[in-house]
Amino acid sequence: AASRPVPPAGPVAFIAPESPGDIAEVCRTALVADVARVRPGETFHLAFTASLAFQWHTYWINPGDTGVPARLSVRAPEGFTVGEPRYPRPEVITGPEGTTYGYEHEAWIFVPVTAPADLPADGRRLRFEMDAMYLACRELCLIGSTTLAVELAAAADDVEAAAAGPIPADPAVMEPMRPWLARLPRPLADMPGATMDLEIDAEAGRGRIDLRIPAAASAAPEARPVILPSPGPGITFGAADIRREADAWRIGIPLQVSVGNALGRPLLVRGLVGLGDDPADPAVAFERRVPLPQPAAASTGSSAPAAGAD
C-alpha cells in the first residue's frame, strides 16, 4: 500500500481519512474575537477560523478558476454595526483544477464590528453569532454549514471604558491570530506615494489600471510584486506589465469589460498587490467602483430644452 503523506509539525496539521464523508473530518471551525471586553464606540474583530487537514484548502474572496469563498453572516446585539469580511492575503494554489486563491491548512477571516457609543460600562454579556458556509477541497470539495457563537463582556466600569487601547483577548487567542492580522492588506490610499489611475471604455469593452507602488514598501528591495485579482462581475484582468523604476514599481493591467455581465451593479475594479512572493509578505489593496453607463433616452419625436436652458 502507498504510504500516506506526513504533515509538517504544527498545531493545525492533521491527516484526514482517506475517503472523508463529512467536512468535520477535514476542517475544524471556531469563532473568536480580538478583544476580551468591549468599550463604547470601539471597533474590534470577530474571526472565523478554519483548521484544515494536511493538503486541504479553503478559498479567498476570489477563489480563482474554481471554488467558492466562505459566506459569513453575523448577528450582533442591538446597536452594534457589522462590517464586510476582511480576507488576509491568500496563497496561490495550483493543481489539476487550475489556479486558485485560498488558504492551506489554516484560514482566518475577520469581520469588523463597532460597538454603540452609548454601550453601558457595566460588564454585561454580549453574544455574537455567525452563520458560516464554506468549502474544504483537495481532490474533491466538501461543503460545510455551521452556526458559531462567542460571548464577550462590556467594559466593567468607566475606568475600563476610558482605557487608552483595546482590552485584548487571552494570549492563547491572540498569539495565533497576530500573523493573520498582519496579512490583512493595507489600503492603497494609506500608502504614501502609491497611486492608481483607471480608464474604462465600456462601449469598447476594455480598460486599464496603472499602479505606482513605492519600492521601499516591498518585503525585500528586489521582491517582485504579485497581482491577486478580485474584481466584480463584468471585469476580467489581463496579464500585468510590471516594471521597476528607480524608486517604485509601475504596474499596468489591461481589463476586459463586459457591462452585460455586471448584474446591473457598478463595475468593481479590485485586487491586491503582493509585495513579495510569500503570502506573509505585505500586500496593498486597490479598489475603484465605476457606475454603469446610462442608456441613451429614447427619442419621442419632440425636443425639449436642456436643463438650465432659457
* **Distance in Å, L275 CG paired with I213 CD1, rounded so as to fall on 0.5 Å steps** => 6.5 Å
* To do: State, with a plain yes or no, whether a side-chain heavy atom of W108 is found less than 4.5 Å away from one of P179.
  => no
* Asked: Does the side chain of R89 reach to within under 4.5 Å of the side chain of V226, using non-hydrogen atoms?
  -> yes
* **Inter- and intrachain pairs under salt bridge (Lys or Arg N to Asp or Glu O under 4.0 Å), touching residues 38-62, at least two apart** => R39-E42
What side-chain donor-acceptor pairs closer than 3.5 Å can you find for residues 61-74, not counting sequence neighbours?
from: N62; atom 1: OD1; to: G64; atom 2: N; distance (Å): 3.1
from: N62; atom 1: ND2; to: P229; atom 2: O; distance (Å): 2.5
from: D65; atom 1: OD2; to: T99; atom 2: N; distance (Å): 2.8

* Asked: Which atom names give the shortest non-hydrogen contact between T114 and G41, and what distance separates them?
  -> CG2-O, 3.9 Å
* Asked: Hey, is the main chain of S230 close enough, under 3.5 Å, to the side chain of Y101 for a donor-acceptor pair?
  -> no
* Is there a side-chain contact between V257 and V290, using heavy atoms and a 4.5 Å cut-off? -> no
* Structure fact -> Note: I23 and L142 closest approach over all heavy atoms is CD1-O, 3.4 Å
* Would a hydrophobic clustering, with Ile, Leu, Val, Met, Phe, Trp and Tyr connected at side-chain separations under 4.5 Å, put I93 with W180? -> no
* **Criterion side chain to side chain contact (heavy atoms under 4.5 Å, CB included) on V273 and M191, from CA distance to verdict** => CA-CA 12 Å; V273 179; M191 178 176 287; over 6 Å; no
* Asked: Just by modelled atom types, is the D197 backbone N or O under 3.5 Å from a matching donor or acceptor in the R288 side chain?
  -> no
* Asked: V35 pairs by side-chain contact (heavy atoms from CB on, under 4.5 Å) with which of T43, L46, L152?
  -> L152
* To do: Please answer whether the main-chain N or O of L135 pairs with a side-chain N or O of T58 as donor and acceptor at a distance below 3.5 Å.
  => yes
* Structure fact -> Between P279 and E91 the two heavy atoms that sit nearest each other are CG-CG, 3.6 Å
* Asked: Rounded to the nearest 0.5 Å, how far apart are CZ of R243 and CH2 of W249?
  -> 11.0 Å
* Find out if a path of hydrophobic residues (ILVMFWY) with successive side-chain heavy-atom gaps under 4.5 Å connects I167 to V38. => no
* Nearest heavy-atom neighbours spanning A169 and M174 -> O-CG, 3.4 Å
* **Spacing of L184 atom CG and L272 atom CG [to the nearest 0.5 Å]** => 10.5 Å
* Structure fact -> Between I242 and P225, the two heavy atoms sitting closest are CD1-O, 3.6 Å
* Quick check: are there more than 12 heavy atoms from other residues, nucleotides or ligands sitting under 6.0 Å from CD of E129? -> yes
* Asked: Below 4.5 Å, heavy atoms only, C-beta onward: do R86 and P112 meet side chain to side chain?
  -> yes
* Aromatic plane relationship, F80 with F44 - under 30° parallel, 30 to 60° tilted, over 60° perpendicular -> perpendicular
* Any pair with a residue in residues 206-219 that passes salt bridge (Lys or Arg N to Asp or Glu O under 4.0 Å), sequence neighbours left out, goes on the list, sorted by first then second residue, please. => R208-D210, R212-D247
* Using the side chain to side chain contact (heavy atoms under 4.5 Å, CB included) rule, take L255 and T236 through it: C-alpha gap first, then chi angles, then the decisive distance, then the call. => CA-CA 6 Å; L255 302 175; T236 302; over 6 Å; no
* Linking I/L/V/M/F/W/Y whenever any side-chain heavy atoms sit under 4.5 Å apart, do Y87 and L148 land together? -> yes
* Asked: Linking I/L/V/M/F/W/Y whenever their side-chain heavy atoms sit closer than 4.5 Å, directly or via other members, would V26 and L140 fall into one cluster?
  -> yes
* Within a reach of under 6.0 Å around CD of E151, are more than 12 heavy atoms found that belong to other residues, nucleotides or ligands? -> yes
* Should we count CD of E245 as having more than 12 external heavy atoms under 6.0 Å? -> yes
* To do: Treat each ILVMFWY residue as a node, draw an edge where side-chain heavy atoms are under 4.5 Å apart, and state whether I235 and L292 are in one component.
  => yes
* To do: Take Y103 and R183 through the side chain to side chain contact (heavy atoms under 4.5 Å, CB included) test and state the conclusion after the steps.
  => CA-CA 12 Å; Y103 311 97; R183 281 172 64 170; 4.0 Å; yes
* Asked: Any side-chain heavy atom of P231 sitting closer than 4.5 Å to one from V269?
  -> no
* To do: Any chance you could measure L228, atom CG, to W60, atom CH2, to the nearest 0.5 Å?
  => 5.0 Å
* Heavy-atom closest contact (F110 atom, L181 atom, distance) -> CE2-CD2, 3.6 Å
* Asked: Within a radius of less than 6.0 Å around CG of D158, do more than 12 heavy atoms belonging to other residues, nucleotides or ligands occur?
  -> no
* Pairwise distance CZ(R75) to OG1(T147) - rounded to 0.5 angstrom -> 5.5 Å
* **Separation of E104 CD from R138 CZ (nearest 0.5 Å)** => 10.5 Å
* Ring-ring centroid check H105 F54, cutoff 6.0 Å -> yes
* Steps toward side chain to side chain contact (heavy atoms under 4.5 Å, CB included) verdict (I209, F237) -> CA-CA 9 Å; I209 307 167; F237 281 34; 3.8 Å; yes
* To do: Say whether, by atom type as modelled, one donor and one acceptor occur between the side chain of D281 and the main chain of D278 under 3.5 angstrom.
  => yes
